[in-house]
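All residue numbers in this chain count up from 1 along the given sequence.
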Amino acid sequence: MLEAERSGLAADPFPYGIFAFVPGRRFSQLRVNDYDDIASVFDEAMAFDFHEATHPLRQRVASAIGSADTLRCVDLCCGSGLFLSRLATDRGILGWGFDCSLNQIAVARGRSPGEQIVYQATDVLEAQFPGEIDLVSINFDALNHIGSAAEWRELFARIHRALRRQGRLLFDINLPERLASDWDSPEVIVKDGLVYVQVAEAPVFEGTCVRRRTPMVIFKREPSGFFRQHEALIEQFAMPLEAVTSMLKNTGFSQVEVIGEEGSNPRGHIFNKHRAFVLAGK
C-alpha cells in the first residue's frame, strides 16, 4: 500500500535505509525516454495507481463510442498494456498497442496473450496504423515524450487519417506549469519495499512551450532483501492547452473538448498536477 507521497525531500525520508541519488554522469549515459530498465517495476511504482485514478474517465469515453460489439482501439505509447487489457475486460475489443520499449511490450504481451490485442515494439512516429479505428488513446502523459510541436502536428494528422468517421482521439498531457514549476521540487513515492524518486534538471523555455528532463530512480526490494536500483532519464515537452486544441482543429478534428483539467491540487495521484484530458472527434 502507498505509505506516503511527498514533494520535497526531508532528512532521512526513506524507511528502508539511506540511498544516494545524484543525477550526473551515470544518467547522461542513458538513452532518453528509454523505459527498459524500469519496465519490471513501472506498474508497481506508479502505473497501477495512476491508472486506477484515471480509468473511469477513459472507460466512460470508450463506452460512449458507437454501438458495435467490438471496439477497434489503438493505444500509442502503450507501456505495459494496462489500458487495453482493462478495456478488454469491459467490452469486446480489437486492440493494437505501440511502444518503443521492448521490455514494456514484453510485459504487455504477458498481460494480454492471444489475438485480441496485438503489441508492437516501435517508435509511434513510425508505426503503421490500421484503418477504420474507433478510438486512439495516448495515456499517462506519453504525448509529452514527443519532442516538438511539428511532431505533435504530424502525429495528430496521421491519427485523424486512421480514424473512422465519428472516431475519437483521447489523451492526457502534462501542461507547461507542471514542467516549469511542479518539477522544481523532487517527487517521492514510498511503498512497502519500493521507493520512487524523481528530480528534474533546469527547464528550457521555448516561447510558451517548456522542455525538461527528469532523471528518475526506483529502488525495489529483491527476494534477497537487498534493493535493486532501476533508472530512466525522461524528457518531456509541453505546450499550452490552447495551442494543443488549436492544432487538433487545424489537423482536421471537428470536435475538440477538454473533458478534465487539474491544477496544483490534483485528485487521485501526485502525477495529476497540471494535467489535462482531451477528447477530439473526427
Side-chain angles (χ1 to χ4, degrees), residues 51 54-100 105 108-109 111-146 149-173 239 241 243-261 276-282:
H51 181 76
T54 57
H55 182 73
L57 181 150
R58 300 187 183 96
Q59 186 181 41
R60 289 196 299 273
V61 170
S63 298
I65 296 176
S67 58
D69 293 334
T70 300
L71 185 75
R72 291 170 60 84
C73 181
V74 167
D75 191 22
L76 300 179
C77 306
C78 64
S80 62
L82 280 175
F83 175 67
L84 287 178
S85 64
R86 178 70 176 273
L87 188 61
T89 66
D90 298 333
R91 60 175 299 172
I93 71 167
L94 286 177
W96 293 264
F98 300 95
D99 197 284
C100 64
I105 288 293
R109 287 171 176 162
R111 172 170 283 123
S112 304
E115 299 179 356
Q116 187 179 18
I117 305 174
V118 177
Y119 290 103
Q120 182 179 353
T122 185
D123 187 328
V124 298
L125 296 175
E126 301 173 358
Q128 298 300 310
F129 303 156
E132 292 298 305
I133 297 300
D134 299 301
L135 174 66
V136 174
S137 56
I138 315 174
N139 299 305
F140 207 175
D141 59 65
L143 184 58
N144 293 104
H145 292 59
I146 296 174
E151 289 174 324
W152 286 37
R153 185 180 300 106
E154 174 57 26
L155 183 61
F156 287 158
R158 292 185 58 217
I159 291 170
H160 185 271
R161 292 193 293 269
L163 287 170
R164 67 163 174 82
R165 187 179 180 185
Q166 304 300 321
R168 296 289 187 269
L169 165 63
L170 172 65
F171 62 90
D172 59 275
I173 50 173
M239 295 191 294
L241 186 55
V244 177
T245 57
S246 176
M247 182 181 292
L248 286 164
K249 294 174 182 177
N250 290 337
T251 51
F253 288 91
S254 58
Q255 304 171 36
V256 179
E257 180 183 2
V258 178
I259 59 175
E261 185 175 356
F277 295 79
V278 179
L279 181 65
K282 183 171 181 177

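Under the salt bridge (charged side-chain N to carboxylate O under 4.0 Å, His left out) criterion, Arg58 pairs with Asp172, sequence neighbours left out. When the salt bridge (charged side-chain N to carboxylate O under 4.0 Å, His left out) test is applied to Asp99, no partner is found at least two apart in sequence or on another chain.
A distance of 11.0 Å separates CD1 of Ile133 from CD1 of Ile65, quoted to the nearest 0.5 Å. For the atom pair CD of Glu151 and CZ of Arg153, the computed distance is 11.0 Å after rounding to the nearest 0.5 Å. For the atom pair CG (Leu248) and CD (Glu257), the distance works out to 12.5 Å, reported to the nearest 0.5 Å.
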### Task
Determine, step by step, whether Ile259 and Val61 satisfy the side-chain contact (heavy atoms from CB on, under 4.5 Å) criterion, reporting the C-alpha distance in whole Å, the side-chain angles of both residues, the deciding distance to 0.1 Å, and the verdict.
CA-CA 10 Å; Ile259 59 175; Val61 170; 3.9 Å; yes

### Task
Before giving the answer on side-chain contact (heavy atoms from CB on, under 4.5 Å), spell out for Val74 and Leu135 the whole-Å C-alpha distance, their side-chain angles and the decisive distance to 0.1 Å.
CA-CA 6 Å; Val74 167; Leu135 174 66; over 6 Å; no

#### Entry: Verdict with supporting geometry, Phe171 and Phe156, ring-ring contact (aromatic ring centres under 6.0 Å, His included)
CA-CA 11 Å; Phe171 62 90; Phe156 287 158; 5.7 Å; yes

#### Entry: CA sep, side-chain torsions, deciding dist, call: Asn139, Phe277, side-chain contact (heavy atoms from CB on, under 4.5 Å)
CA-CA 9 Å; Asn139 299 305; Phe277 295 79; over 6 Å; no

### Query
Can you check side-chain contact (heavy atoms from CB on, under 4.5 Å) on Phe140 and Leu82, steps first, answer last?
CA-CA 11 Å; Phe140 207 175; Leu82 280 175; over 6 Å; no

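Proximity of a side-chain donor or acceptor of Ser112 to a complementary backbone N or O of Arg109 within less than 3.5 Å is not detected. Here the side chain of Asp134 pairs a donor or acceptor atom with the backbone of Arg72 at under 3.5 angstrom. Under a 3.5 Å cut-off, the side chain of Arg111 and the backbone N or O of Ser80 do form a donor-acceptor pair.
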Please table the atom pairs, donor to acceptor, closer than 3.5 Å between any side-chain atom in residues 116-124 and protein atoms at least two apart or in another chain.
from	atom 1	to	atom 2	distance (Å)
Asp123	OD1	Leu125	N	2.8

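Between Phe98 and Phe129, the ring planes are tilted. Angles from 30° to 60° get that label. Aromatic ring pairs are classed by plane angle as parallel below 30°, tilted from 30° to 60° and perpendicular above 60°; the pair His55 and His51 is tilted.
Proximity of Leu170 to Val278: side-chain heavy atoms (C-beta onward) are nowhere separated by under 4.5 Å. Residues Val256 and Lys249 form a side-chain contact, since some pair of their non-hydrogen atoms from C-beta on lies under 4.5 Å apart. Taking 4.5 Å as the limit, every side-chain heavy atom of Cys100 sits out of range of all side-chain heavy atoms of Ile105. Taking 4.5 Å as the limit, some side-chain heavy atom of Ile93 sits within range of a side-chain heavy atom of Arg91. Looking at Asn144 and Trp152, their side chains come closer than 4.5 Å, going by heavy atoms from C-beta outward.
When all heavy atoms of Cys77 and Ala142 are compared, the pair lying nearest together is CB-CB, 3.3 Å. Closest of all the heavy-atom pairs between Cys73 and Ser137 is SG-OG, 4.3 Å. Annotation for Ile138 and Asp75: closest pair N-OD1, 4.2 Å, computed over non-hydrogen atoms.
The pair Glu132-Lys282 fails the salt-bridge criterion, with no side-chain N (NZ, NE, NH1 or NH2) lying under 4.0 Å from an Asp/Glu carboxylate O.
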